[in-house]
Amino acid sequence: MAAPVFDDLVGQEPVVAQLEQAAAAAAGLLRGEPSLGMTHAWLFTGPPGSGRSVAARAFAAALLCPDQGCGHCPSCHQVRAGTHPDLMLVRPDGLSYGVKQTRDLVLRAAGAPSGGRWQVVLFEDADRATEQAANALLKAIEEPSPRTVWLLCAPSAEELVTTIRSRCRLVTLRTPAATAVAEVLSRRDGVDPAAALAAARAAQGHIGRARRLAIDPEAAQRRDEVLRVPARITSLGSALSAAAGLVKGAEQEAAAVTEELNVPEREALRKAFGEGSTGKGVAKAVRGAAGALKDLEDRQKSRATRLKRDALDRALLDLAAFYRDVLVIQLGAADGRELGAGDGRELDAGDGRELDAGDGRELDAGDGLGLGAGGGLEPGAGDGLELASAGHEDDLRRVAADTTAESTVRRMEAIMTCRERLEVNVAPLLAVEELTLALLAG
């Protein structure tokens, strides 16, 4: 039976076994026993929503707990709350993580653990480190402190420079099955089982997204609006209007989150510099806060850009899921044929013809288009499939009937291209307008 700290790690049994073995080896090292099962640097990879940071934090708890992750001791509670003195949590707020921040992090990580076990650094989104920051991080990983353990998280190993990933032990997570995600939502959050399963399928195995869809009506409504876009794109004007709506929706979602974060930060900084206080030197201190406020505003602006991009990316993934469902219908998944198990098998149109995006590239289940396990393509009752876009079946079948499988693949590729352009800072409205025009053209 797995240690309690790993209970929230959904559908990752091989990973849990690997981490439990490493935690036991780490405990042996502290007792002076020789062991090859533990190392000082780990890289957690997996698709969005697979639980990279959940796995890393559970491993941190197992390392810092005297009982290797009991889930009940003060150490485990502190790790869960993010307040353990020997756990450093790093979450890049903006689009990148700079060299100055990394050098400060490396310096702090070099200290001895206060509790006598390990000093653990959990670096989420380590792929956001700049090239200079990565070089500074490499130095710390090449010459580690005896009791410091680095836990890096990234979507894939290729996101990090070769010299870093070659010095880390790789932990690869997979997209969990919708049924496993639904079980966790029901057990942990008290969500009705049927609603939990619907949310898990809609989120395509993304645990955090499934939870938001299940408990936040506004999140579910935003997703429904996105899924109505394909049926609405019937002319040039409607395509451009749809693009503006997608971008505006992402901006509004990001703005709500940003304001919740920004206001307490600004108030805390002003209070730290003595604003509202009286006494000698207060006026000078308040004037000196201008530079710190400017730095804070710059960080908040970068974070707002990232939040907007993330919100827009979620909308694009929902669109990709819609067209994936269209493709399932067009290829006749109702007859029991499975489409893509995430193993690179090619998809065809039912007559042996391979589908491509119009540029000669074959589409397979490992192409990043959400056709793998856990993506909602399990055989279902009645018509033989389960749709990620449940509730929009009429639009799905209408689009499927009016277009070809080849044009659907091209639309999915256009969505992926839009995501890539947003990653390299193309203006959002420009990138999304190009996308909606491609959806119109087929």
Side-chain angles (χ1 to χ4, degrees), residues 1-10 12-46 50-92 101-102 104-126 137 140-141 143-154 164 167-173 184 188 207-208:
M1 182 177 178
V5 293
F6 294 106
D7 284 349
D8 288 339
L9 201 53
V10 182
Q12 310 290 348
E13 290 77 11
V15 169
V16 170
Q18 178 185 6
L19 297 180
E20 285 189 313
Q21 183 180 14
L29 286 175
L30 294 177
R31 295 190 297 267
E33 302 171 2
S35 176
L36 299 177
M38 179 60 187
T39 187
H40 69 284
W42 296 75
L43 175 57
F44 293 78
T45 67
S50 58
R52 297 186 302 261
S53 60
V54 174
R57 187 175 290 216
F59 186 40
L63 292 175
L64 295 171
C65 173
D67 296 318
Q68 299 164 43
C70 67
H72 308 296
C73 68
S75 176
C76 288
H77 285 302
Q78 287 175 330
V79 171
R80 181 181 291 272
T83 59
H84 197 290
D86 291 330
L87 174 63
M88 299 170 59
L89 291 172
V90 183
R91 297 190 188 97
Q101 296 166 294
T102 304
D104 292 341
L105 173 65
V106 169
L107 184 62
R108 288 185 290 131
S114 62
R117 295 184 68 82
W118 304 97
Q119 176 83 272
V120 181
V121 185
L122 200 171
F123 194 159
E124 298 181 14
D125 297 328
L137 183 60
I141 293 177
E143 302 173 6
S145 300
R147 291 290 183 87
T148 298
V149 179
W150 291 85
L151 309 179
L152 310 180
C153 301
I164 287 182
R167 288 164 174 78
C168 296
R169 184 168 298 174
L170 187 62
V171 179
T172 304
L173 289 88
V184 169
R188 184 185 64 189
I207 302 168

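Listed for the H40 side chain is no donor-acceptor partner under 3.5 Å among the backbone atoms of W150. A donor-acceptor pair is defined here as one N or O able to donate and one able to accept, closer than 3.5 Å; such a pair exists between the side chain of R52 and the backbone of G46.
A search for side chain to side chain contact (heavy atoms under 4.5 Å, CB included) contacts involving A126 returns F123, L152, L160, not counting sequence neighbours. Taking the side chain to side chain contact (heavy atoms under 4.5 Å, CB included) definition, one finds that S53 meets it with E124, sequence neighbours left out. Every residue was checked against the ring-ring contact (aromatic ring centres under 6.0 Å, His included) condition with W118, not counting sequence neighbours, and none meets it. Listed by chain and residue number, Y97, V106, A133, A136, L137 satisfy the side chain to side chain contact (heavy atoms under 4.5 Å, CB included) test with T102 (two or more places apart in sequence, or in another chain). Qualifying side chain to side chain contact (heavy atoms under 4.5 Å, CB included) partners for D67, counting only residues two or more places apart in sequence or in other chains: C65, C70.
Within the 4.5 Å cutoff, no side-chain heavy atoms of D7 are placed close to those of R188. Using a 4.5 Å heavy-atom cutoff, the side chains of V90 and Q101 are not in contact. The closest side-chain heavy-atom distance from V5 to Q68 is not below 4.5 Å.
Minimum interatomic distance between D86 and S114 (heavy atoms only, all atoms of both residues): OD1-N, 2.7 Å. Residues L173 and A55 share a closest heavy-atom pair of CD2-CB, 3.9 Å. Looking at every heavy atom in both residues, V121 comes nearest to A109 through CG2-CB, 3.6 Å. For the residue pair P113 and R147, the shortest heavy atom distance occurs at CD-CB, 3.7 Å. Between R91 and R57 the shortest heavy-atom distance is NH2-NH2, 2.7 Å. Nearest heavy-atom pair, L9 versus G51, reported as atom, atom and distance to 0.1 Å: CD1-O, 3.7 Å.
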Would you mind writing out the side-chain donor-acceptor pairs for residues 75-82 within the sub-3.5 Å range, not counting sequence neighbours?
unit_1 : atom_1 : unit_2 : atom_2 : d
S75    : OG     : L64    : O      : 3.2
S75    : OG     : H84    : NE2    : 3.2
H77    : NE2    : H72    : O      : 3.1

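Using a 30° and 60° split on the angle between ring planes, W42 and F59 fall in the perpendicular class, above 60°.
With rounding to the nearest 0.5 Å, the separation of OG1 in T39 from CG in L29 is 10.0 Å. Distance check, rounded to the nearest 0.5 Å: CE of M88 to OG1 of T148 gives 8.5 Å. A distance of 8.5 Å separates CG of D8 from CD1 of I207, quoted to the nearest 0.5 Å. The CG atom of L87 sits 10.0 Å away from the CG atom of L63 when rounded to the nearest 0.5 Å. The distance from atom CD1 of I141 to atom CZ of R167, rounded to the nearest 0.5 Å, is 9.0 Å.
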Q) Stepwise, does the side chain to side chain contact (heavy atoms under 4.5 Å, CB included) test hold for V54 with V10? A) CA-CA 10 Å; V54 174; V10 182; over 6 Å; no
